[in-house]
Amino acid sequence: MTDRQILVVDDEEHLRELVQACLEDLGGWETVGARSGEECLQMLQIEQPSAILLDVSMPGMDGFAVCEILQSDPITRSIPVILLTAKVLPSDRAKFARMAVAGVIAKPIEPITLKEEVAEILGWVE
């Protein structure tokens, strides 16, 4: 196993579990899951993940709001964030480009290539 841990934040339980299984089984990385932006922020008070995979569209606090909070905190600012989103409109792409995120992965995810996409975005290619 590796010392790399990824926090997967998605309100859709089946998708969150699929992403975690792919990253654990194919990447050999440890994962933890959060069901909401609020839960993500609570977990970051005790967990220090190597990266965060963050769904953009969630009820309550969405991924954009979570990113703003992460960037405003000196402790969480350095954690790379990869957005998971079904939104790929030109206006959304422009917004993503202005955000301090490591990358964007479009939904629906491709389970077989997810590990490679994450590794490439984070520079974890061996």
Side-chain angles (χ1 to χ4, degrees):
M1 272 307 221
T2 178
D3 59 351
R4 292 176 175 154
Q5 181 189 67
I6 299 176
L7 172 55
V8 180
V9 186
D10 199 307
D11 60 309
E12 295 179 47
E13 183 177 4
H14 69 281
L15 183 63
R16 185 177 64 249
E17 290 175 353
L18 174 64
V19 169
Q20 287 184 257
C22 290
L23 297 177
E24 290 173 3
D25 295 346
L26 302 175
W29 303 317
E30 181 183 337
T31 68
V32 290
R35 295 181 296 262
S36 66
E38 295 88 354
E39 187 176 343
C40 166
L41 297 174
Q42 289 173 352
M43 291 182 78
L44 289 171
Q45 294 177 14
I46 54 171
E47 299 281 346
Q48 294 186 331
S50 307
I52 300 170
L53 262 66
L54 178 62
D55 183 23
V56 170
S57 299
M58 294 183 289
M61 183 182 294
D62 67 11
F64 296 123
V66 174
C67 277
E68 285 181 25
I69 292 169
L70 295 177
Q71 286 303 307
S72 69
D73 185 334
I75 296 170
T76 57
R77 180 180 301 143
S78 62
I79 302 171
V81 175
I82 299 173
L83 297 177
L84 295 174
T85 183
K87 292 183 178 182
V88 286
L89 300 172
S91 60
D92 291 317
R93 287 180 195 255
K95 189 171 187 174
F96 298 152
R98 290 189 305 271
M99 297 172 65
V101 296
V104 178
I105 295 177
K107 289 181 179 180
I109 64 158
E110 188 60 52
I112 301 300
T113 60
L114 181 63
K115 177 253 181 192
E116 284 81 15
E117 287 182 85
V118 170
E120 185 175 324
I121 289 170
L122 296 174
W124 291 358
V125 182
E126 291 151 16

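No hydrogens, no waters, no symmetry mates; every other heavy atom, side chains included, goes into these values.
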Please confirm whether the backbone N or O of [Y] pairs with a side-chain atom of [X], one donor and one acceptor, at under 3.5 Å?
X      : Y      : value
Thr113 : Glu116 : no
Arg35  : Asp11  : no
Ser50  : Gln5   : yes

Which of Ile82, Ile52, Leu83 passes side-chain contact (heavy atoms from CB on, under 4.5 Å) with Val101? Answer is Leu83
The side-chain contact (heavy atoms from CB on, under 4.5 Å) partner of Leu18 among Leu23, Asp10, Ile109 is Ile109
* Asked: In terms of side-chain geometry, is the basic nitrogen of Lys107 or Asp55 positioned less than 4.0 Å from the acidic oxygen of its partner?
  ->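 Asp55 and Lys107: salt-bridged.
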request  = Give the C-alpha distance, both sets of side-chain angles, the deciding distance and a yes or no for side chain to side chain contact (heavy atoms under 4.5 Å, CB included) between Val32 and Met43.
outcome  = CA-CA 9 Å; Val32 290; Met43 291 182 78; 3.9 Å; yes
Would you mind reporting whether [Y] and [X] have side-chain heavy atoms less than 4.5 Å apart?
X     : Y      : value
Leu70 : Leu41  : yes
Leu84 : Ile105 : yes
Arg4  : Leu122 : no

**OP:** Check whether more than 12 heavy atoms from other residues, nucleotides or ligands sit under 6.0 Å from atom CD of Glu120, and answer yes or no.
**Re:** no
Are more than 12 heavy atoms from other residues, nucleotides or ligands located less than 6.0 Å from atom CD of Glu47? yes
Taking Phe64 as the starting point, is it possible to reach Met61 by hopping between hydrophobic residues whose side chains are less than 4.5 Å apart?
yes
